[in-house]
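Each chain gets a letter, A, B and so on, in the order the sequences are listed, and its residues count up from 1.
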Amino acid sequence: MTDTARLTDLAIRYGFIVLLVGLVIFFSVAAPGFAGPRSAVFVFQSVAITGILALGVTCTLVVGGFDLSIGAVATSALMLSAYVMVVLEMSAFAAVLACLVMGALVGLVNGLLIVKFKVPDLLATLGMMFLLVGLQRIPTEGRSISTGMTLPDGSTAEGTFSAGFLWLGRHRFDLVLEKLVPVPVVMFLAVGLGIWVFLEMTKHGRLMYAIGSNARAASLAGANVNRYKIAAYMISGVMASIGGILLAARLGRGDIAGGTNLLLDAVAAALIGFAVLGAGKPNAFGTAVGALFVGILLQGLTMMNAPYYTQDFVKGAVLVLALMFTFALSERVRKGGH
Amino acid sequence: MRQPVCSVKDLTKAFGPTSVLRGIDLDLHPGEVTVLMGANGAGKSTLVKILCGVHRADGGTVTLDGRPFAPASPAAAMRAGVSTVHQTINDGVIPDLDVASNLLLDRLAEPGARLWLRGRRMREEARRIAEAMDLKLDVRRPVRDLDLADRQLIAIARAMTREPRVLILDEPTSSLSAAEASRLFALLDKVREQGVAVLYISHRMSDIRRIADRIVSMRDGRVTGVFTDKPLDTEGAVTAMLGHAMTDTGLTIPEPGAPLLRAEGLRLWPDAVPFDLTVRRGEVVAVVGLVGSGKAQLSGALFGIAPPHGGTLSLDAAAYAPQSAAGAIRAGAFLCPRDRGNNGIVPEFDIAQNLTLPFLGRHSTGPFLRRRAERSTAQGMIERLGIVCEGPRQSVLSLSGGNQQKVMIGRWLSQPCDLLILDEPFQGVDIRARRDIGRHIRDTAAARATLVMVAELDEAVEIADRILVLHDGSVVSEHRNQDLDTGAVMAAVSGRSLQDSAAP
């Protein structure tokens, strides 16, 4: 290997991590108050829900698919949990269970559309996205759900978000400082670890990667390609519904516009993850780092008084850069290696 | 003698370290159909790709009408007068457009073409083209509604609108029935009348007998036979294409054990002749046959990919009817598929991950993979097969073709099985890797039944105890690989023995 090739290899492998560390150092110096546990937790909190969705979509990317319905699943879970508690006046447990079942079911339908009905991934999940966005508006005639609202039949919704449910979004665990780490951050870290272990260390994860890389070879090696694909979409659906539950618990009401940016942010995090450690493929660690990268950048810029409306532009720029990094650079090395 | 319109001299081409064309000479004459024959990997498709501008030659010259011809792109080849109709019929037509648009597609794509379409004029022009080629089709019908044969005829007619000097047809009948093919031949007679030189690639003996003016056989990147005297010596052409095993390979045929695989009344396609098949423990049986003789169907039926159209199978005296690859693997039958790039290699995986892919359960505790077990399996196979690499963690794509193939073979040799099917295990590998692989297959054969599908007779003679000849979906003859009468095998491969015995 020549020196330039070795250098490019190093750049591909560690470039993104170096950039991340550099950003942290830069903001720590330039923005007073950036370096500190509260600020760090704020970053984590800002990306926790997006990150959970991103980890789900990572699983579908691994099998060579894509799930565009995650944002809609999350908002559906948001509305469903509010509906179950506020309108149907049922328990927090019932609300959580209903959301998880809904997420798994949507994933199953996505998977069946793709595997059995041969609808291309993007189109199937796009259709599902539309369907859910429309469906979640029907029971409340397009309005947000909160205690005391008037229902379509003229009666008043008497139910409330139970304390136990709100705990999921608002409780903070003590860690060094009192009331520091919120539940969604713990969930994000737990889900991240779980998906990472599943994809990297189990035979199921290995077979899913094989399917994404060469589905025919995986099938001829005895893998049940269809079943794994459906499983990937079900994981994605369940992750998205968990994200929706946490969002509902944080907002405390069934806000119809609660999850507008979730899909794009989550997809961006997963795609940025390709560039982390030169993976060049979807991976759980990269996705988590990708989500954090965006969070750190936005937090730092906000503390340096960058206006909020520049945020999407910044995210887009990071995504485009990361994609260039992944595809152009690693392609060059792959070719150079021959 | 007439001047050739296209003349290829000493053409060479290599991909990396692998020589694919080793000095090809070929003349194409106007108004003549030259059939090009060759087994998989002989270099036919590379030759075609050079002529139609997809690949560039490394050495040698091509002249077209006396002028040097080295097209830089398929479009350049087309402009210079070489049109190609590829094997995949649907690459040649656009299903959503009507017949007229399909026929005129090249004109529409020309730089100087008019902006506005004029339906009536297009239809008239298309009708003229269709009439010239004796095509009886409603030009307003969408191509989607037409059958494969009509689509193929349209693709050829469309190629003819460019008024080519040379028309290349790559296995044009491979998905057509005999009746459909005869319509294609009628069209080709027209093409021939117009003085176009046709290069026709095919394995179907019936095609070749019907249409060929000349046969050129290729093997291993060289032209091994040119046949021009009528009647054409098709059997000689097959021999030249498959090659002779002139030397004794010093094989010792072991005493075979009890029957492991039994097939009774196996029918590979609905109208094929059923046949029986027995492979014993410790035996290595090679199956030879032309492309389309049923090798793919046979391995597919034995591995549960596509169930046979009739007959029963048993493996180790138990009924065996696999419904999927996974089912076959569980029952103890492994298949190392042909075409490793599409069917075998997982490009993003390293050597170890590729080797252990079907047997992850044996390398895990519960759901968790044991990396160390995987690596030691991989290290073992690397040493046993002599895979040239830096170690089990090396990316599989960075290996040479021969070593990639060894990884594929190693994948299925790493665990014991009752039946091992190797479909074209020598495809795209050099002679040394071929010897290594062959020796290893024989060394490990004692405990199982081994079935090897091969393209060339040489390969069968190198590896097998017994050679089966497949023709038209049925086993037509069986030869013990000792003092082999290669002539008899060749006759069977080309379907001659059948005809002889059929004629009183």
Do the non-hydrogen side-chain atoms of L369(B) and M201(A) ever get within less than 4.5 Å of each other?
-> no
Any side-chain heavy-atom pair from V346(B) and Y209(A) closer than 4.5 angstrom?
-> no
Top contributor to chain A interface from C336(B), P358(B), A325(B) [non-hydrogen pairs under 4.5 Å] | P358(B)
Interface moiety of S395(B) toward chain A, non-hydrogen atoms closer than 4.5 Å | neither
Under 4.5 Å from a heavy atom of chain A, the part of S364(B) involved = side chain
Non-hydrogen atoms of chain A under 4.5 Å away: do they reach the side chain of P367(B), the backbone, both or neither?
-> both
Write down the atom of A326(B), the atom of G222(A), and the distance for their closest heavy-atom approach.
-> CB-O, 3.2 Å
Any chance CH2 of W196(A) has more than 12 other-residue heavy atoms, nucleotides or ligands included, within less than 6.0 Å?
-> no
Check whether N342(B) gets within reach of chain A through its side chain, its backbone, both or neither, counting any heavy atom under 4.5 Å.
-> backbone
Is the shortest heavy-atom distance from the side chain of F349(B) to the side chain of N214(A) under 4.5 Å?
-> no
Using non-hydrogen atoms and a 4.5 Å limit, figure out which bit of I345(B) sits close to chain A: side chain, backbone, both or neither.
-> backbone
Within a reach of under 6.0 Å around CZ of R56(B), are more than 12 heavy atoms found that belong to other residues, nucleotides or ligands?
-> yes
If one checks every heavy atom of A223(A) against chain B at 4.5 Å, the contacting part turns out to be neither
Would you call H204(A) and L360(B) a side-chain contact if the rule is heavy atoms closer than 4.5 Å?
-> no
Compare every heavy atom of V197(A) with every heavy atom of F368(B), then report the nearest pair and how far apart it is.
-> CE2-CG1, 3.5 Å
Take atom CZ of R13(A) as the centre, draw a 6.0 Å sphere, and report whether it contains more than 12 heavy atoms from other residues, nucleotides or ligands.
-> no
Sort R371(B) into side chain, backbone, both or neither according to what part of it lies under 4.5 angstrom from a heavy atom of chain A.
-> side chain
Atom pair CZ/CG of F334(B) and L220(A) - distance to nearest 0.5 Å | 13.5 Å
Under 4.5 Å to a heavy atom of chain B? For F198(A) that would be neither
Chain A heavy atoms under 4.5 Å from F303(B): which part of the residue, side chain, backbone, both or neither?
-> side chain
Using a strict 4.0 Å threshold on nitrogen-to-oxygen distance, state whether E374(B) and K203(A) make a salt bridge.
-> no
Side chain, backbone, both or neither of L357(B) within contact of chain A (heavy atoms, under 4.5 Å) = both
